[in-house]
There are 2 protein chains.
Amino acid sequence: MNVLITEDDALHRAFLKTTVENALPECDQVLEAEDGEIAMQKVATNDVFGIIMDLQMPKASGVDAAKEIWRRNPDMRILFWSNYADEAYVRGVSRIVPSGAVYGYLLKSASEERLELAVRGVFLQDQCIIDREVRGIQQRSEDTLEGLTDSEFEVLTDIALGMTDKAIARRRNISSRSVQSRLKHLYEKLCIDASDTGFEFGPVFNSRTRAVATAFSRGLLNADGLAASQESLDEWLRGPTLR
Amino acid sequence: MNVLITEDDALHRAFLKTTVENALPECDQVLEAEDGEIAMQKVATNDVFGIIMDLQMPKASGVDAAKEIWRRNPDMRILFWSNYADEAYVRGVSRIVPSGAVYGYLLKSASEERLELAVRGVFLQDQCIIDREVRGIQQRSEDTLEGLTDSEFEVLTDIALGMTDKAIARRRNISSRSVQSRLKHLYEKLCIDASDTGFEFGPVFNSRTRAVATAFSRGLLNADGLAASQESLDEWLRGPTLR
DNA sequence: TCTTCGACTGCGGATATCCGCAATTCAAGG
DNA sequence: CCTTGAATTGCGGATATCCGCAGTCGAAGA
């Protein structure tokens, strides 16, 4: 029974290793990977029972790696261990977890006991253990009222990448007027009122860019998620529209 | 002789403490702070000789805290210890360091020996010790050719916050046409060509939002720096234009 | 079946943005 | 003194974006 630790920070990696050795005496070997790519390799070439994975990593992010690993091995137990409970991360994880898969989502601020309990719960008892704080974000992002629709979130990432209305319309197979309609709803939910003139010479903010800014400051978007979205956009650009 | 460690991650904090105790036997007491605000308090109420400071922290970021601390005490030795060598961080630090101040900038990926050497160099021998990688970024951001002008950087943060051309013009005391002129140069340096049609239905990207996206992915901007810029914007909005 | 509600869509107008062209200013050097 | 180059500004036009209004469509529910 081997456990893989995927974490770029050396100190955290060492800490996780000793914790696993403590909490899981049944564990034969603790493998280590310092980024998502190495993790995928190690899973492919070793008999890995479960994974503890950081979300913020260079090269392949934790979400990317988990997605690929679950694609080949839907039963893999994965315990995510992250610094933040940003909506972007929570959403990203929720999107890729296969139905029936066993996983956990713990914050690094959690105590060592909670971590040990989570390790045993996820790896030995097939429990899904989600940090309370994360759980809150998860629910909120599922509620249509509090958070954003998938459509709105989609269009938000698109404008954050700098796409024009027309390009978004093409990509999502809707009219450009619909894109604007979705944007309008997005602006409302983010409380962006272009005519809300903070000073006497007209509006201070451009709705489009302002939406991206507030989404960033609220944790709806983050650099990692944006990089991932950029990749899928590149793929789309290379794809069907290429002559 | 007391040393203050400012770092939100508990593991890193503990690591720094033992390192300092090893490298600096002369040190009487190691104080700890888990965010920038606490750091400022501790500096005010204790006799602190030098500081090791993380840059990414909740509440007040490392740059904010260092700025305030240096304002009251320009001779304070500060060793920055950061995960990334993002241009935004390097620029932020370079901007606030008083002339003649002793400081260091080390990456967390540096070895423990390098860290110990840096601690002794900065605290005991008044050396400025800058990580080679950071030094590279620093030089590049000083060169006008490679990096961006201060004007261009300024306008970049403004559009990233969602400001309109007119508002930027007001704030920076130039005409809105000049804002567009600066933007044009910015777009050129970021290699953003709106007419670079990736597909057959016109341009894919909106220059303005695209610039923000690429600036983010290149580390010219980051969430922390944006939050700081937002604060100074709020201040300006409350200030002279308020009737 | 009828109603309701939300999403999508087209039209048209008000602004905002992007950019080429050209005149001006100003500072650094030859 | 003259030249050069960079920054600023105005003008004008081509697009892009934002948004109100109104019509269509499909799904959910009475």
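Naming: A, B, ... by sequence-line order, numbering from 1 per chain.
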Original post:
Nearest to the side chain of Leu183(A) - dT9(C), dC18(D), dA7(D)?
Top reply: dC18(D)
Original post:
Would you say Val204(B) and Arg210(B) make side-chain contact, with heavy atoms under 4.5 Å?
Top reply: no
**OP:** Decide, yes or no, whether a salt bridge links Arg208(B) with Asp165(B) under the criterion of side-chain N to carboxylate O below 4.0 Å.
**Re:** yes
Original post:
Rounded to the Å, how far apart are His185(B) NE2 and dT17(C) P?
Top reply: 18 Å
**OP:** May I ask you to verify if any side-chain N or O of Arg182(A) is less than 4.0 angstrom from the OP1 or OP2 atom of dA7(C)?
**Re:** no
Original post:
Is it true that Glu235(B) and Arg238(B) make a salt bridge, defined as a side-chain N closer than 4.0 Å to a carboxylate O?
Top reply: no
Subject >> Residue whose closest nucleotide on DNA chain D lies nearer the 5' end, Asn173(B) versus Gln180(B) >> reply: Asn173(B)
**OP:** Could you check whether Ser175(B) gets within reach of a base, just the sugar-phosphate, or nothing at all, counting any heavy atom under 4.0 Å?
**Re:** sugar-phosphate
**OP:** Assign Thr164(B) to base, sugar-phosphate, or nothing according to its heavy-atom contacts below 4.0 angstrom with the strands shown.
**Re:** sugar-phosphate
Subject >> Given DNA chain C, 5'-ward residue of the pair Ser176(A) and Asp165(B), judged by closest heavy atom >> reply: Ser176(A)
**OP:** Let me know the distance between CZ of Arg210(A) and C1' of dT17(D), rounded to the nearest Å.
**Re:** 18 Å
Subject >> Interatomic distance where NZ belongs to Lys166(A) and P belongs to dC18(D) [whole Å] >> reply: 14 Å
**OP:** Quickly work out the Arg208(B) CZ to dT15(C) P distance and round it to whole Å.
**Re:** 18 Å
Subject >> Thr214(A) side, atom OG1; Lys189(A) side, atom NZ - distance, nearest 0.5 Å >> reply: 13.5 Å
**OP:** Rounded off to whole Å, could you give me the CZ-to-C1' distance for the Arg172(B) and dT9(D) pair?
**Re:** 19 Å
**OP:** Map Tyr187(A) and Val179(B) onto DNA chain D by nearest heavy atom, then report which one ends up closer to the 5' terminus.
**Re:** Val179(B)
Subject >> For atom CG of Leu186(A) and atom C1' of dT17(D), their distance in whole Å >> reply: 14 Å
Original post:
Taking the side chain of Ser178(B) as its heavy atoms from C-beta onward, which of dC19(C), dT9(D), dA16(D) lies nearest to it?
Top reply: dT9(D)
**OP:** Check whether the ring centres of Tyr89(A) and Phe80(A) lie less than 6.0 Å apart, and answer yes or no.
**Re:** no
**OP:** Return no unless some side-chain N or O of Asn206(B) is found under 4.0 Å from OP1 or OP2 of dT17(C).
**Re:** no
Subject >> Length of the line joining Ile174(B):CD1 and dG10(D):P, which is rounded to integer Å >> reply: 11 Å
Original post:
Just how far, in rounded Å, is P of dT17(C) from CE of Met163(B)?
Top reply: 11 Å
Subject >> Any Lys184(A) side-chain N or O less than 4.0 Å from OP1/OP2 of dG20(D) >> reply: yes
Subject >> Side chain Arg177(B) and base dG20(C) donor-acceptor under 3.5 Å >> reply: yes
